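Everything on this sheet refers to the single structure shown next.
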Amino acid sequence: MALIVQKFGGTSVGNSDRLKHVAKRVAQTKLDGHDVVVTVSAMGKTTNGLVSLMAEISNNPSPRELDMLLSTGEQVSVALLAQALQELGVPALSLTGWQAGIMTEPVHGNAPILRIDATRVRELLDQGFVVVLAGFQGVSESGAITTLGRGGSDTTAVAYAAALKADFCDIYTDVDGVYTADPRVVPEARMHDEISYDEMLELASLGAKVLHPRSVEYAKHVNLFLRVRSSFNLGTGTVIKGVDQLEKRNPVSGVAADLNQAKLAILSVPDQPGTAALLFSALAEAHIDVDMIIQSVQGESTNDIAFTVAESDLMRAKSVVYDIAQKIGASGVISDADIAKVSIVGAGMINHPGTAATMFSALAEAGINIQMISTSEIKVSCVIERSRAQDAAQAIHRAFALDQEIVPTFA
Ligand code: ADP
Ligand code: ASP
Ligand code: MG
C-alpha cells in the first residue's frame, strides 16, 4: 500500500462530467489499496473569471481581498469532488488550505509556504478517508487567506506530498506529459519519458506552465518521485527526477516561451557607485522580480539600464522606476510590453559551446531580432518581439531537431 498525492488541474475538473471522471480515477486508486490525498484547481477558467470580476470593482484591489476572492475557486471544486467520491461509495472529505494546515508567509498573490501541519490529514487518512485538498491557497500566521501564485495548485500537491513523505506525486493535466516545447505552439514537440529536476525547474521558470516552478523546487529538495501525466488517458507521462539517473541525449531538452514579460529602461543614468543598488533595492522592496538586466555604456558619464519584469508587475514597476529616475537625475524612462522571452534549456549545454550560436542563427534565419540575451549553465534566453514568439519557438525547435529522439551531431 502506498501513500499517493494526486493533483488535477483546471481543465481536468472543467465541468461536472470531468469531475465525475476524476472521481472514478481517484476511487480506483483507493480501491487498489492506496491512501490518497487529491488536490484540485478551480474549475476551468474560474480563476481568470474571478480576476476579471475584481477588475470591475477596482483597478487596484487590495491584495488581501483579491486572495480571499481567488481562493473561492478551489473551494468549489473540492466540495464537488468530495461529493462525487461519496456518490461512488468512497469516504471523502474536502479541506481548505487553512484546514489542512498550510501556513504561508504573510505575502498576498505569491505566498511562499512556511510549514505544513499535516496532523488532521494524517488522522483522516488513518480513518480511511480520501482527503480532497484545495490547491493554490494557505493561511498566514495572522489568519489571512493567501494564494501561492497562478498555477500554484501544483505546489500545494508537491509540498503536501513532501510533508506526508508520500511515495509519489502525480500531476494530472490536459497534455500527456512534459514535452520539448508547448505542444500547442510547436505541434511536432516530443514528450519526454523523463527529465531532470534542474531542467524542469528552468523550463517552468521560463514559461512552460505545465508545472509551477516552486513545485519543482520542493520536489527536488526532498527527491520526490514526481510525474506529469494526462487525466484523459492512462499514459505513464513524464517522470521528473535527479540528473544522475538520466541518459544525456540532445544538449537541449526543451524550448519555452514566456509572453508575460515587459521591458523597462531608465535612460542616461549618472555613472556613479550606488545607482543600480538604489534602483533594484527599491524594486525588491516592492516585491517585483527583475529578470534580465543590461547596462549599456552610453557616454563618459552616463549609462542606460534596461531590465525585464513580469508584464503583470509593469504598472507597479513603472511607478517605482519613475521615482528613482527623478531622484538620481536620469533623463527618462521607457517601457515596452510588446515582448516575449524565448529560451532553450538543457543540462547537456555545458559541454556544447555552440548551442547559443545555433539558437541565434535560428532566430536570424527566421528574421527575428534579438533585443536582450541572458545565459546560465543550462539555459539561454532571448527577448524578442511578442508577435514572433510562436515562430521563434518553432524555428529553435527545428534547429535543434528536438522532434527526433537522438541528435548527437552538432557542436
Ligand atoms: P493545469 O490546469 O492542469 O494545471 P496548465 O494549463 O497549468 O494545466 O498546464 C498545462 C499546459 O501547459 C498545457 O496545456 C500546455 O499548453 C502547456 N505547456 C507549456 N509548455 C509545455 C511543455 N513543455 N510540455 C507540456 N505542456 C506545456
Ligand atoms: N486556480 C489557480 C490558477 O488558475 C491555481 C491553479 O490552477 O493551479 O492559477
Ligand atoms: Mg497549472
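It should be emphasised that the depicted structure is a prediction, and the values quoted were computed from it without experimental measurement.
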> CG of Asp289 to OG1 of Thr308: how many Å apart, nearest 0.5 Å?
Replying inline: 10.0 Å
> Can you tell me how far CD of Glu385 sits from CD of Gln371, rounded to the nearest 0.5 angstrom?
Replying inline: 7.5 Å
Please list every donor-acceptor pair under 3.5 Å in which a side-chain atom of residues 159-168 meets a protein atom from a residue at least two apart or in another chain.
{"residue": "Tyr160", "atom": "OH", "partner": "Ala100", "partner atom": "O", "Å": "2.7"}
{"residue": "Asp167", "atom": "OD2", "partner": "Leu3", "partner atom": "N", "Å": "2.7"}

> CG/Leu66 to CD1/Ile57 distance, rounded to the nearest 0.5 angstrom?
Replying inline: 12.0 Å
> Using 4.0 Å as the upper bound for N to carboxylate O, is an ion pair formed by Glu141 and Arg115?
Replying inline: yes
> Do Glu311 and Arg386 meet the salt-bridge criterion of a basic N to acidic O distance under 4.0 Å?
Replying inline: yes
> Can you tell me how far the NZ atom of Lys241 sits from the OG atom of Ser196, to the nearest 0.5 Å?
Replying inline: 11.0 Å
> Has the side chain of Ser281 got a donor or acceptor atom that lies under 3.5 Å from a matching backbone atom of Ala277?
Replying inline: yes
> Does Lys7 come within less than 4.0 Å of Asp170, counting only side-chain N to carboxylate O?
Replying inline: no
>> I'd like to know if the side chain of Ser361 and the backbone of Ala357 have a donor-acceptor N/O pair within less than 3.5 Å.
In response: yes
> So among Asp154, Val5, Leu211, Thr238, which one has a side chain to side chain contact (heavy atoms under 4.5 Å, CB included) with Leu226?
Replying inline: Leu211
> Of Asp291, Ile339, Ile370, which meets side chain to side chain contact (heavy atoms under 4.5 Å, CB included) against Val383?
Replying inline: Ile339
>> Just verifying a value: how many Å separate Thr156 OG1 and Glu74 CD, rounded to the nearest 0.5 Å?
In response: 8.0 Å
>> Show the nearest heavy-atom pair for residues Ser41 and Val13, with the distance to one decimal.
In response: O-CG2, 3.6 Å
> Between Tyr197 and Leu224, what is the shortest heavy-atom contact and its length?
Replying inline: OH-O, 2.5 Å
>> Going by side chain to side chain contact (heavy atoms under 4.5 Å, CB included), Val26 matches just one of Ile4, Val132, Val38. Which one?
In response: Val38
> Below 4.0 angstrom, N of the basic side chain to O of the carboxylate: do Arg229 and Asp176 qualify?
Replying inline: no
> Would Arg190 and Asp403 pass as an ion pair if we require N to O under 4.0 Å?
Replying inline: no
>> Donor-acceptor check, side chain of Arg388 to backbone of Ala366, threshold 3.5 angstrom: yes or no?
In response: yes
> Got a donor-acceptor contact below 3.5 angstrom from the Asp304 side chain to the Ser268 backbone?
Replying inline: yes
> Just checking, any donor-acceptor pair under 3.5 angstrom between side chains of Ser253 and His192?
Replying inline: no
>> Measuring from atom CG of Asp67 to atom CZ of Phe136, what distance do you get when rounded to the nearest 0.5 angstrom?
In response: 7.0 Å
> Salt bridge between Asp174 and Arg184, side-chain N to carboxylate O under 4.0 Å?
Replying inline: yes
>> Between Phe280 and Phe307, does the ring-ring contact (aromatic ring centres under 6.0 Å, His included) criterion hold? Intermediate values first, please.
In response: CA-CA 10 Å; Phe280 294 111; Phe307 57 92; 5.3 Å; yes
